[in-house]
Amino acid sequence: KKNRMATRSPQKKKASTKYIFVVGGVMSGVGKGVATSSIGLILQSKGYAVTALKIDPYINVDAGTMNPTEHGEVFVLRDGYETDQDMGNYERFMGLELSRDHYMTTGLVYKTVIEKERNLEYGGRCVEVVPHIPQEVIRRIKKAVRTSKADIAIIEIGGTVGEYQNILFLEAARIMKLEHPNDVFSVLVSYLPIPSKIGEMKTKPTQYAVRTLNSTGIQPDFIIARSDRPLDEKRKEKLAVNCSIRKEDVISAPDVESIYDVPLNFEQDHLGDRFLKKLGLKAKKRDNLSVWEKRVMRNRKSTETVRIGVVGKYFKTGDYVFSDAYISVIEALKHAACEVGRKIELDWIDSADFETDPKRLESLRQYQGILVPGGFGGRGIEGIVSAIRFCREEKVPYFGLCYGMQLMVIEYARSVMKLADAHTKEVNGTTNHPVIDILPEQVEKLRKKNFGATMRLGQYPAMLKSGSIAREAYKSDAILERHRHRYEVNPEYIGQIEAAGLIFSATSPDGVLMEIAELPKKQHPFFLGTQFHPEFQSSLIAPHPLFVAFLRAAVKEGK
Ligand code: GLN
């Protein structure tokens, strides 16, 4: 018996977990998050269980208190953790549902170490930045990997090599490599500029980035070379010689039209095989991203467009800022557009324009659908309410997300129920008709100025009403969706609102919280709002049913 066990055990022994650190060189904003997500997807397609983590170099304990117009969207995980938009990319590309174990900031790491010190967990020793901070980072990485049972973990380090802020995270990567020399790898996502006056792709900034990385004790195993154009052989050779890396391990990453092209592009340079070779692994299967590729091709081929206007309160600082603040909404629209065989055409419409000049509402006719995303506060609100009214009366498909649902209820109460001053308590604390009111558990938190991670956050179940647009779209009676809000439809008004014709087609299982509002299809092609954020659970492979239903209605209505 003993013998049999002995012969079996070598096969049974699971290969040790591999860790891939992704760091950025030369400049920020070159797509480290998408690169991380794409590497993950490719390694999954080779048959491995992959997970991902993000480390952000901020003092903020989480991303919940950061302004989205400056930092980009706050992505809410299933467990309610408020994180960076890159977590959304990981989930969308890899089809994962990540937990709070997969995200950390400088603030969180220091907070934990300080709390441990206060609890005497360091046994009276002097607690120091090195090694205790990198050790806490490593502990967190290993815990996340253990609970997700991954074969390969990809860890993205925020910021750029050479910054003061992320040095302790690089130190964690270096220490891990010392501890597990055959299991820890690093990837530098760098940028190769093509200065217009020179007209030639330059490798020198990347060479400096590698040297800076070397000075932290890390030698990259791969370079993902971002640029306008693909790298030629000469450029790859230059990088190889000067950065002590094999030419085949320089992966060309030219600009692409859609982020969903990135994994396919990486595979043109055989990223998957190169990575597996270095990790000492063999492909367990080979599907060559076929499902993914089919979707990408479908999207590429569609020639017709569907025109959607996004109405909100925006600073006039250029489209870039808006699109970063609503990245999950944009991606969910793209996924649904692919499903209905169209390309999405988006316009950002400042609701303040309707407040100064109501005639401009007419311009909304050019859109096949109008979407109002989540938001906070009073600015631009009256403009949004009048846009919603226009959509309801003129039968333009309308989709409201969170605040977009609350404002839809306010508009209905004002125009149809004739409650002229109906409002949300968020904006008007003394209204006679607070149709949107604060959630009871939120009152105390606001009073104590306790703002961080105190909203109704994360995934909650809801039950759908049969015969509704929502039920028809989901093809299910029960759903789980992610939330991030302080206010809700005031229970005291629910009876009146429904009597006036607006249907609450999804509620919390106990029937107390209103989760979806809609008008019957007989009255309006699509007039629907969700108290939750459906955009957090959509992907190219599995587009969100409500986004698909919205675009189907938009395509049908659009001439
Ligand atoms: N401001 C609203 C609330 O707190 C809506 C929030 C949102 O749109 N995410 O309830």
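Just so it is clear, the model here is predicted, and its values are computed rather than measured. As the structure lists them, so they are numbered: ligands from 1, and atoms in each ligand from 1. Only heavy atoms go into these numbers, but all of them, side chains included; no hydrogens, no water, no symmetry mates.
The backbone N or O of Ser363 sits less than 3.5 Å from a side-chain atom of Gln366, completing a donor-acceptor pair. Side-chain N or O atoms of Glu355 include one that pairs as donor or acceptor with a backbone N or O of Glu382 at under 3.5 Å. Side-chain atoms of Lys54 never come within 3.5 Å of backbone atoms of Thr105 as a donor-acceptor pair (strictly under, hydrogens ignored).
Among Pro373, Gly375, Gly374, Gly378, the residue whose heavy atom sits closest to atom 5 (C) of ligand 1 is Gly375.
Taking every non-hydrogen atom of Glu426 and a distance limit under 4.0 Å, the qualifying atoms of ligand 1 come out as 1 (N), 2 (C), 3 (C), 4 (O). Atoms of ligand 1 lying under 4.0 Å from at least one heavy atom of Arg484, given by number and element, are 6 (C), 7 (C), 9 (N).
No hydrogens or angles considered: a donor-acceptor pair under 3.5 Å links the side chains of Arg92 and Ser328.
Proximity of Met455 to ligand 1, defined as any heavy-atom pair under 4.0 Å, is not found for any part of the residue.
Looking only at heavy atoms of the protein, atom 4 (O) of ligand 1 is closest to Arg486 N, 3.0 Å. Shortest contact from atom 7 (C) of ligand 1 to any protein heavy atom: Cys402 SG, 3.0 Å. Here the protein heavy atom with the shortest distance to atom 10 (O) of ligand 1 is Tyr487 N, 2.9 Å.
Applying the ring-ring contact (aromatic ring centres under 6.0 Å, His included) test between Phe527 and each of Phe550, Phe399, Tyr398 identifies Tyr398 as the sole match.
Within the 4.0 Å heavy-atom shell around ligand 1 one finds Gln406.
The side-chain tip of Arg392 does not point at the ring of Phe390 from less than 6.0 angstrom away and within 45° of straight on.
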